[in-house]
Amino acid sequence: MEQQGLQLSDLYTLAPELTLVIAAIVISLIDLFIPKQVNRSLLGWLTLASIIVSGVFVSLQIGPTSLIDPANPESGELLNLLGGSYRVDNFANLLKLILLGSTGLIILMSIGSVKEEDIPHKGEFYYFFLPAVLGAMITASSGDLITLFVGLELLSITSYIMVGMRKKDHKSNEGAFKYAILGAVSSATILYGMSFLYGMSGSTNLMAINAALQQADPSFSALIYVSFFLLLAGFGFKIAAAPFHNWAPDVYQGAPTPVTAFLAVVSKAAGFAILFRVMYGVFYGNSGTPEHPIGEDAFFSLSVLAAIAMIIGNVTALRQKNAKRLLAYSGIANAGYLLVPIATQFSLVHYTNFSEFAYYLLAYALMNIGAFAVLLIIERSTGSSEIRGYAGLYYRAPWTAAAMVLLILSLAGIPVTGGFFGKLFILMGTLQNQTYWLAAIMLATSVVSYYFYFSIIRQMFMRSDESSPIRTTPTLGITIWICTIGTVAMGAYPQGVLGWIQDMFKLTRDLFIG
Amino acid sequence: MSGSIAPYLTLGAILFCIGLYGALSKKNAVIVLLSVELMLNAVNLNLVAFSKLGVNPSLTGQIFSLFTITVAAAEVAVGIALLISLFRNKGTVDVNEMDSMKH
Amino acid sequence: MLANIPILSMIAFSPLLGVLVLLFMPKSQGRWIKVIGIATTLIPLVLATWLYIDFNQQSNNLQYGEHYDWINVPLNKDVPNLEQYGFTSYYLKFSYSLAVDGLSLPMVFLTALIATMAALASVYIKKRWKLYFILFLLLEVGMFGVFMSQDLFLFFVFFEATLIPTFFLVGIWGYMNKEKAANKFLLYNGLGSAVMLLAFLILVVTAGFSQVQDQASSSIYFSGNLGDIVTNLFTPDSAVNAGGEGNPFYMSGNLKWAVFILLLIAFGIKLPILPFHTWMLKVHMEAPPSIVMIHSGILLKMGAYGLIRFGILLFPAEAKEWAFVLALLGLINIVYGAILAFVQKDFKLVLAYSSISHMGVVLLGIAAFNQIGMEGAVFQMVSHGLISALMFLLVGSIYERTQTTQLDKLGGLAGSVPFMSGILLVAGMASLGLPGLSGFVGEFLAFLGLFGSMKVVTVVSALGIILAAVYVLRAVLRITYGPINEAHRSIRDARLIEAIPMITLVAFIILLGVYPAIVSQHLQQTVNGFDQFIQQVTSMKTGG
Amino acid sequence: MENLLNEQLSWWNFGVFSFWAVVLLVIVLGYVTYAIYFERKILGWMQLRHGPTRTGPLGLLQTVADVAKLLIKEDTIPRKAEQTLFKLAPIIMFIPSFVVLATIPYTSSWFFADLNVGMLYYAALSGISTIGVVLGGWASNNKYALLGGMRSAAQMISYEVPLVISVTGVIMMSGSLNMRTIVAAQEGAFWHWNFLPQIVGFIVFIIAAVSELNRTPFDLPEAESELVAGYHVEYSGFRFAFYMLGEYVYTFAIACLTTVLFLGGWHAPLPFLDFIPGIIWYLLKFTLVVFFLIWLRGTLPRVRIDQLMSLGWKVLLPLSLVNVIITAVVIELTK
Amino acid sequence: MYMNNYVIVAIFIGLGIFLPVAALTIGRILRPSKPVYEKLTTYESGNEPVGVGQVRFNIRYYLFALMFVIFDVETVFLYPWAVAYKQLGLFALVEMLIFVSLLVVGLIYAWRKKVLQWTSL
């Protein structure tokens with residue numbers, strides 16, 4: 001096997017990842033050696049700083065020429081990192097920006113907001129985000145099954161621990177254990193599917209697998225299906241799409257709220273990143289030939305998965321009384337929405353599904369983190385995450401309530417917000433590809449979602465018990481307003497973000513490897 | 001080496017199914033963890049078999065299985081740690097009793 | 001005279017001035033908040049009146065058009081070998097595009113008028129005036145936008161923009177079951193807008209494209225511009241109509257039908273057409289009087305307006321084929337509404353069902369597919385807007401004094417509140433279609449238009465209208481005459497702030513009744529244009 | 001052996017392999033018998049007493065008599081014990097101790113399986129014994145046994161880590177996991193043997209190995225004064241014998257492994273001594289290691305459990321890692 | 001032949017199983033069996049056994065088990081690297097330094113968290 005070592009010149013390309021690795025180590029050592037009396041918020045700020053540095057490195061690399069080998073830019077040759085197993089293309093860079101941005105906001109909202117008695121190891125609470133987001137970034141960048149798997153597991157295993165961070169709380173323990181077990185089962189399922197892909201191609205490189213599958217013996221098509229459905233089940237779990245969603249509500253409820261936000265946004269985004277890569281790196285292009293019908297069927301299965309997720313997520317959310325569980329189900333439904341652009345393939349008039357996907361993902365990240373930040377305020381003041389806790393929020397903290405209204409409008413997909421345009425672009429994509437049934441389900445379930453999203457608004461405005469003001473911490477306030485303003489800005493001027501994504505992302509270069 | 005790959009794959013499938021069944025249906029959390037381990041080992045068996053007898057035999061499969069082993073170890077380590085913490089708080093390892101968050 | 005200033009934007013967004021001021025008012029200044037709220041609604045009223053006078057009645061074109069690009073997203077740059085398909089790039093364009101014609105203009109004026117009346121009627125609001133007026137003014141912006149938009153997307157945005165304030169207004173200031181009513185309102189209308197969005201987006205991605213040729217490149221725009229869509233839909237050799245399954249822009253006959261039916265459902269919910277009417281009863285029951293005035297007076301009209309603007313004018317062939325179905329739906333609305341209004345014990349419900357009945361008339365007018373029918377439909381919209389606003393204003397004022405709207409608890413109010421009873425009688429007369437009042441004109445024109453094509457339907461509906469006389473008189477007489485409830489003997493008559501909107505509305509009702517030309521002369525050319533257009537395109541063979 | 005290994009497998013080959021395996025088993029059993037005898041004798045001399053003298057000439061049959069006693073002794077299984085696991089545990093302890101021997105070469109031509117992953121094979125299999133210990137302790141359903149078992153497991157796994165890492169240096173020097181190749185790489189006089197260049201690794205290895213064997217000074221699992229007898233407190237008769245057997249077979253294996261990895265295997269210490277057959281050198285080195293183990297038992301006191309753990313994790317593990325790094329750097333510099 | 005080596009391993013395993021089975025079977029024939037109640041009681045230095053034998057034991061055993069799992073598995077990566085080290089370049093050294101230093105960080109972490117201290121818990 002031809003294996004290519006890492007060159008020193010590649011270090012710059014890997015700077016975002018390396019920053020995180022070094023930061024994780026340094027901050028953990030600092031945590032170990034500074035005395036107990038020192039406020040651990042310091043570590044939170046350091047973590048945030050390292051996230052920002054990493055983000056700066058990513059944004060320095062992102063650009064229309066990002067994949068060109070920096071060693072000899074004239075040649076125009078594509079950068080081949082680690083034998084093609086690591087791809088720093090704009091697909092990855094865009095997702096990394098979203099991942100890092102989301103993590104940064106989540107850390108920002110946790111600083112000074114997490115209660116000491118709740119989480120005994122505050123230092124770890126902060127810097128554990130680093131390996132987790134690193135795993136997510138590796139997943140987004142991987143061009144190889146092994147890299148992909150390692151990144152995914154780095155993310156998953158760190159998440160298990162973060163969910164169980166409230167050591168004394170048995171809900172947290174329970175959620176973490178469930179997550180760990182089911183996560184491990186799903187990892188095993190993914191691996192099992194990958195093992196067949198490897199067996200049929202003799203390689204773990206996505207591009208090589210794609211090429212091998214196209215020439216594979218027709219008698220293998222059953223195995224291809226098996227591996228596809230195993231992968232689908234595993235990834236379905238990671239993105240919490242119904243019917244593989246059962247873990248999500250319990251885990252979300254058990255986890256500390258910032259971690260819940262992390263799971264809902266970053267973990268999910270990473271799962272989608274892989275799904276996108278694998279679907280278009282491995283299975284796309286295998287359609288057309290009668291011996292290998294998997295392509296069409298694969299995308300159709302995704303559509304069905306999306307439909308089920310939208311329906312179950314939104315319908316089950318109707319019954320929830322706990323805001324975290326509600327947001328969990330909302331996340332399941334959103335997984336459905338995000339699956340739609342992946343399931344909607346390219347066609348002549350529809351070549352933009354990545355930008356639709358990335359746009360909605362960004363909107364989803366902003367509105368969800370904002371919502372969780374508001375929930376954190378509620379939890380701090382009432383001590384529980386029941387929806388009842390929102391009662392009279394408008395009279396107790398009018399500005400927070402106003403922000404929450406905007407976030408909810410976005411979640412529900414009401415104009416003019418980022419969430420609305422995200423759904424709108426996705427819808428247009430499906431309609432351009434004439435998948436009317438999926439569009440109809442998407443719209444109908446969105447309407448169902450109005451009910452439970454607005455139940456929070458009802459609490460905030462129509463049920464008032466008291467009017468004693470609620471205090472928010474500055475970090476929470478900043479987080480909420482960054483998210484809200486971002487959401488609204490994405491609604492008011494959607495072409496800004498979308499156009500930029502379109503500028504950065506080049507289909508042939510960033511998705512079809514090589 | 002010549003030889004058929006079918007027996008390996010069959011064994012792998014059987015192991016995987018037993019593991020999956022165990023992971024989803026057993027009451028004792030420790031057994032659940034063991035079942036997960038069984039699933040991962042089924043994968044390793046597959047990978048190693050493919051690396052020797054697959055369509056294009058290559059070493060990659062064995063490397064992959066090394067990673068799988070490592071990750072499985074980490075996963076189970078975390079699983080056990082969480083289980084201990086749960087056991088300290090609830091005093092049980094019965095999966096059926098983990099139902100404090102139902103709606 | 002007004003052509004050089006963005007008069008439509010000024011009308012539509014002038015309420016935002018009030019919002020801005022109110023945002024910085026302290027909550028404690030209750031009185032000033034009310035004053036500013038009411039005063040703000042006067043600005044669009046004045047501007048709308050000016051616009052109404054300035055409008056060129058001789059033209060059937062859109063007037064006072066304003067057009068700015070809003071959303072302009074490059075959809076793709078790197079499709080491999082894009083050139084071989086004849087274009088180099090494509091864009092998604094939604095524009096901020098406003099204009100009015102003879103159909104929108106009366107609606108705009110009605111909105112301005114009723115908004116002011118409702119703002120005056122907000123005296124019944126007892127708490128949180130600041131939030132109330134902010135939401136109220138936002139709602140007004142949305143309503144203006146709906147009637148002015150010339151872009152599908154913009155229309156949708158404004159349509160949704162009316163949804164959220166109404167939800168809050170009903171949910172916070174309503175009566176006992178306010179939350180239930182707000183929910184029901186939200187879900188039904190949300191469903192309506194979702195269906196509408198689906199239909200619109202199908203239109204955008206098929207009929208909404210246009211090709212722009214530069215020197216070297218040619219690009220495709222998808223846009224929601226109504227004009228573009230109309231052009232594409234009715235050009236026989238455009239990609240929408242020509243070309244087969246392989247053409248992504250092609251609209252098959254089935255697809256056209258599907259979109260038409262989606263639009264019918266979407267606006268039918270708002271109108272409301274019969275099976276979708278339950279939400280509207282709840283809102284009429286629970287919402288505060290000023291909001292019911294807006295709701296019944298204008299929001300319902302948005303359904304009818306949308307149905308005409310998009311359902312009928314974009315799919316005239318399909319609509320004409322379904323003329324009988326539309327008529328039948330109208331008939332059902334009329335008869336069902338009338339019968340149920342007759343048996344109600346609550347005055348609010350009587351009015352709610354009568355609204356259903358009256359909106360049926362609009363459907364009938366549309367189903368006639370001729371100029372007279374259409375004129376009748378629009379006239380009915382305006383007239384019902386005025387009448388129902390007046391009615392609910394009265395309901396509010398009566399409830400304010402008696403704390404009930406149950407018919408069997410009311411009675412003999414003529415003795416204690418003669419002024420209000422008088423107004424109630426006038427409103428009742430208008431509602432049952434007494435000649436000389438505005439209700440008569442709309443119904444008469446609608447029936448007249450329909451009679452030529454569907455005689456049986458017309459006759460049966462006319463019988464339904466007679467029922468209206470029965471239930472209106474029953475309710476109105478029950479309230480004004482008969483034995484008086486002792487508790488109501490000493491209630492006081494209308495205050496000045498209540499009397500102003502009552503008198504204004506009555507004045508308009510009478511004005512329209514005796515001088516209908518004040519509306520119809522604006523309407524005539526436009527409706528005539530519609531009629532010609534429908535004749536022309538249905539005779540032309542388009543689509544599959 | 002080499003030729004047979006390269007032939008096509010046949011019943012004849014199989015028979016030959018089996019025969020030699022049985023021979024090795026017999027040798028090992030004989031070794032165990034007399035290792036115990038010599039241990040007692042040597043300890044006796046060190047403590048100025050005689051050791052066994054009565055059974056047979058010079059007490060040579062003492063261990064044989066002990067085995068016979070164990071064989072006919074009643075085998076009690078406590079009522080509360082987990083019957084199946086209780087019976088299985090000693091066997092689980094014994095099997096890997098014998099199976100690891102398959103990969104050990106004795107001279108350049110006397111060896112059994114010539115595995116190219118020999119060292120890994122050894123490390124992997126020897127770990128299984130821990131399970132036997134823990135199971136035995138747990139299945140006894142006795143507090144002493146359980147504690148002994150747990151301690152033993154903790155100790156074994158703690159020292160397994162430095163043990164396997166300390167070998168890494170040797171592997172780097174020879175570039176192979178194959179035991180024969182490792183010995184071949186130590187060709188030449190004794191300063192070519194690994195124990196000098198790999199002195200850190202060697203020390204770590206020896207200490208960890210002693211601990212792995214649960215021998216003094218690391219015999220805490222069996223600490224009579226604290227735990228009665230450790231994990232096998234409930235065992236008697238031949239089941240107990242298999243625990244003992246397993247432990248002594250491990251001393252055999254570790255002695256072999258030390259010889260092979262660090263002491264140059266069958267190579268003569270100085271080139272002119274080559275005329276003496278390799279097996280003699282091998283046996284000498286082997287005996288030296290065994291003697292060293294017995295010697296330790298005679299001289300050192302037992303450590304405390306916290307000292308034991310600290311030593312393993314805080315000293316040996318970092319040392320072994322340092323050894324890996326030093327070896328790597330030196331190899332890189334001298335290349 | 002490659003396979004022959006494993007045949008030998010199999011033979012060793014067979015013998016390893018055979019010996020205890022045979023010995024225990026012979027023992028069963030030879031030895032007496034006179035179980036009485038006292039003889040089958042759990043041994044607790046002559047006292048009546050109290051409670052169950054399988055008590056909850058200290059958490060530290062688990063911690064050591066976890067540590068073992070982590071470090072032992074890392075050696076899986078060290079061994080192949082060590083075998084191939086001479087053929088690899090300087091970069092292999094650097095990579096291994098990174099790897100080992102990560103391990104050391106893990107060890108320091110455990111150390112500072114007092115996991116390695118037997119009496120800490």
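Residue numbering restarts at 1 for every chain, and letters A, B, ... go by the order of the sequence lines.
- Using a distance-only test at 3.5 Å, with no hydrogens or angles considered, no donor-acceptor pair links the side chain of K73(D) to the main chain of R31(E).
- Contact of S18(D) with chain E is made through backbone and side chain together, with heavy-atom distances under 4.5 Å.
- With rounding to the nearest 0.5 angstrom, the NZ atom of K314(D) is 6.0 Å from the CH2 atom of W111(E).
- Of the residues considered (L245(D), L321(D), V170(D)), L321(D) shows the highest number of contacts with chain E, using heavy-atom pairs under 4.5 Å.
- Of all the listed residues (P20(E), G27(E), A110(E)), the one sharing the greatest number of non-hydrogen pairs under 4.5 Å with chain D is P20(E).
- Judged purely by atom type and a 3.5 angstrom limit, N5(E) uses its side chain to pair as donor or acceptor with the backbone of D114(D).
- Between the Y79(E) side chain and the V164(D) main chain, a donor and an acceptor come within less than 3.5 Å of each other.
- Both the backbone and the side chain of F238(D) come within less than 4.5 Å of a heavy atom of chain E.
- In terms of heavy-atom proximity, I95(D) sits nearest to G16(E) at CG1-O, 3.6 Å.
- Between F12(E) atom CZ and L25(D) atom CG the span is 8.5 Å, to the nearest 0.5 Å.
- Both the backbone and the side chain of F14(D) have a heavy atom closer than 4.5 Å to some heavy atom of chain E.
- When heavy atoms are compared at a cutoff of 4.5 Å, L19(E) approaches chain D by way of both its backbone and its side chain.
- Contacts between I17(E) and chain D at a heavy-atom distance below 4.5 Å involve backbone atoms as well as side-chain atoms.
- Heavy atoms of L101(D) lying under 4.5 Å from chain E belong to its backbone as well as its side chain.
- A distance of 10.0 Å separates CG of D72(E) from CG of L163(D), quoted to the nearest 0.5 Å.
- Note that CE of M172(D) and CE of M96(E) are 8.5 Å apart. Values are rounded to the nearest 0.5 Å.
- For chain E, the nearby part of L24(D) is the side chain; its heavy atoms alone come within less than 4.5 Å.
- Per-residue heavy-atom pair counts under 4.5 Å with chain E were compared for I325(D), L70(D), V249(D), and the maximum is reached by I325(D).
- Ranking F18(E), Y85(E), F71(E), W81(E) against chain D, the residue ahead of the rest is Y85(E), based on heavy-atom pairs under 4.5 Å.
- Both the backbone and the side chain of V22(D) come within contact range of chain E, each with at least one heavy atom under 4.5 Å from a heavy atom of that chain.
- Only the side chain of I11(E) comes within contact range of chain D, judged by heavy atoms closer than 4.5 Å.
- Proximity to chain E is limited to the side chain of V117(D), based on heavy atoms less than 4.5 angstrom apart.
- Interatomic distance, CE of M156(D) versus CZ of F68(E), reported as 10.0 Å (0.5 Å rounding).
- Both the backbone and the side chain of I157(D) come within contact range of chain E, each with at least one heavy atom under 4.5 Å from a heavy atom of that chain.
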